[in-house]
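Working notes for the structure below.
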Protein chains: 2
Amino acid sequence: MSYERNGCPIRFGLGILGDKWSLLIIRDLMFKGRRYYGEFLSAGEGISTNILADRLARLEDADIIHKTPDPAHGKKIVYCLTEKGLDLMPIMFSIMDWAEKYDDQTEVPREFIKELRNQPKSLRRKILASLK
Amino acid sequence: MSYERNGCPIRFGLGILGDKWSLLIIRDLMFKGRRYYGEFLSAGEGISTNILADRLARLEDADIIHKTPDPAHGKKIVYCLTEKGLDLMPIMFSIMDWAEKYDDQTEVPREFIKELRNQPKSLRRKILASLK
DNA sequence: CTGTATCCTTAGGGATACTG
DNA sequence: CAGTATCCCTAAGGATACAG
């Protein structure tokens, strides 16, 4: 009910963008080198455990993120962006551009983001993997 | 509470993207030639009058849209995008690209959208004004 | 035609305690 | 550490009637 997609790309996009938390999680994965449940939790945004777990599950269902057991630490679980998730990057960049122009509180993106932007897609994943 | 901006462009963007209706109204203004309250209402999305009025007011507060009395018809009111609103276009395009790639229900954007995309920004407004 | 006002329902989400 | 399970509360939003 309320809003079905039926062929509109904007409505489709709103399925992922149209809530308060998903895009922040994606941002953390994409630009901040956060990869663990605990890192999202303590990111200072104030998301609560149940909501975080719910969004992670939804994003995984939508094939935007992917979870794997951390090879290094036995217990931990690592989240990473899928191809589909990485392909959200142009949206992120265009939002950043807009905010940079119209929000005086927005800081200029960090250097590595500018750099990232100029790389071919194939290199972006490597750059992200080397973060932090 | 909950989520303040303090310098993050994504959080800033979520002010417009992070709800269910605003982006659909912007889409209607930007690509569908809808300009009147009544046209938004009967767009088939099922928005109700109070919500529509509220979103229009918010978008106007955010300087994304602008309302003027219709010079032609005495009673009507015309909504249009401001410069700031028009500058959301790259975000729209990037969402469309993503949806076109990953949503099999999404139809290829109509020809004029492709055309619009290739125009310099200065011409886009004119093209939009001639819509419908 | 463009909204307000009201009422009511539901979904989102915070807090907290608990589990594998 | 990575979640579930509750409980509860608020804000979002649908329906409808009414007003300028």
Side-chain angles (χ1 to χ4, degrees), chain A residues 1-5 11 14-26 28-29 33-62 64-81 132, chain B residues 1-5 11 14-26 28-29 33-62 64-81 132:
Chain A
M1 20 92 266
S2 186
Y3 85 130
E4 293 300 323
R5 293 164 27 213
R11 269 201 307 261
L14 282 174
I16 303 93
L17 311 168
D19 95 292
K20 203 164 149 179
W21 294 111
S22 303
L23 211 61
L24 295 179
I25 296 172
I26 293 167
D28 284 355
L29 278 161
R34 295 184 186 132
R35 287 184 272 263
Y36 301 105
Y37 184 91
E39 290 179 318
F40 300 128
L41 253 194
S42 57
E45 306 279 2
I47 193 172
S48 57
T49 60
N50 53 349
I51 304 298
L52 175 58
D54 176 78
R55 289 314 125 92
L56 289 172
R58 278 201 220 182
L59 289 171
E60 200 189 0
D61 279 351
I64 287 170
I65 66 173
H66 179 242
K67 52 192 285 192
T68 46
D70 191 330
H73 321 71
K75 305 293 282 285
K76 282 200 163 190
I77 287 176
V78 193
Y79 294 90
C80 66
L81 291 165
K132 177 166 291 183
Chain B
M1 19 99 266
S2 185
Y3 85 128
E4 293 300 323
R5 291 165 28 215
R11 269 202 306 263
L14 282 173
I16 304 92
L17 309 168
D19 96 292
K20 203 165 149 179
W21 294 111
S22 303
L23 211 62
L24 294 179
I25 295 172
I26 293 167
D28 284 355
L29 278 161
R34 295 184 185 132
R35 286 184 273 265
Y36 301 104
Y37 184 91
E39 290 180 318
F40 300 128
L41 252 194
S42 57
E45 307 279 2
I47 192 172
S48 58
T49 61
N50 52 350
I51 303 298
L52 176 57
D54 176 77
R55 291 311 127 93
L56 289 172
R58 279 201 219 181
L59 289 171
E60 200 188 1
D61 280 351
I64 287 170
I65 66 174
H66 178 243
K67 53 193 285 193
T68 45
D70 191 328
H73 321 71
K75 305 294 280 284
K76 283 200 164 187
I77 287 178
V78 193
Y79 294 90
C80 65
L81 292 164
K132 181 165 290 183

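Letters A, B, ... mirror the listed sequences (proteins, then strands); counts begin at 1.
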Atom [atom1] of [X] and atom [atom2] of [N]: how far apart are they, to the nearest Å?
| X | N | atom1 | atom2 | value |
| --- | --- | --- | --- | --- |
| B:Leu14 | D:dA12 | CG | P | 14 Å |
| B:Leu52 | D:dT16 | CG | C1' | 16 Å |
| B:Tyr36 | C:dC1 | OH | C1' | 11 Å |
| B:Ile47 | D:dA12 | CD1 | C1' | 12 Å |
| B:Lys20 | C:dA11 | NZ | P | 10 Å |
| B:Phe40 | C:dT2 | CZ | P | 10 Å |
| A:Glu60 | D:dA2 | CD | P | 14 Å |
| B:Arg35 | C:dC1 | CZ | C1' | 17 Å |

Who are the side-chain contact (heavy atoms from CB on, under 4.5 Å) partners of B:Arg58, not counting sequence neighbours?
B:Asp54, B:Arg55
For C:dG13 and A:Arg55 - does any side-chain N or O of the residue sit under 4.0 Å from the phosphate oxygens OP1/OP2?
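True: A:Arg55 side-chain N/O within range (under 4.0 Å) of C:dG13 OP1/OP2.
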Does the pair B:Ile26 and B:Ile16 meet the rule for a side-chain contact (heavy atoms from CB on, under 4.5 Å), with working shown?
CA-CA 10 Å; B:Ile26 293 167; B:Ile16 304 92; 3.7 Å; yes
Out of D:dG14, C:dA15, D:dA2, which nucleotide sits closest to the side chain of B:Trp21?
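So the nucleotide nearest the side chain must be D:dG14.
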Counting side-chain heavy atoms from CB outward, which of D:dA2, D:dA12, C:dG13 is closest to B:Arg58?
D:dA12
Tabulate atom names and distances for all N/O pairs under 3.5 angstrom spanning the protein and nucleotides 4-10 of chain D.
| residue | atom | partner | partner atom | Å |
| --- | --- | --- | --- | --- |
| D:dT4 | O4 | A:Thr49 | OG1 | 3.1 |
| D:dT6 | O4 | A:Asn50 | ND2 | 3.4 |

Counterpart residues, side-chain hydrogen bond (donor to acceptor under 3.5 Å, both in side chains), relative to A:Thr49 (two or more places apart)
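Residues passing side-chain hydrogen bond (donor to acceptor under 3.5 Å, both in side chains) with A:Thr49: none at all.
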Determine, step by step, whether B:Ile47 and B:Leu24 satisfy the side-chain contact (heavy atoms from CB on, under 4.5 Å) criterion, reporting the C-alpha distance in whole Å, the side-chain angles of both residues, the deciding distance to 0.1 Å, and the verdict.
CA-CA 10 Å; B:Ile47 192 172; B:Leu24 294 179; over 6 Å; no
With a 3.5 Å distance limit and no angle check, can you tell me whether A:Glu60 reaches the backbone of A:Leu56 through a side-chain donor-acceptor pair?
no
For the pair A:Arg34 and A:Asp28, find out whether any cationic side-chain nitrogen is under 4.0 Å from an anionic carboxylate oxygen.
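Looking at A:Asp28 together with A:Arg34, the answer is yes, because their closest N to O distance falls below 4.0 Å.
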Could you walk me through whether A:Tyr36 and A:Asp70 pass side-chain contact (heavy atoms from CB on, under 4.5 Å), step by step?
CA-CA 10 Å; A:Tyr36 301 105; A:Asp70 191 330; 2.6 Å; yes
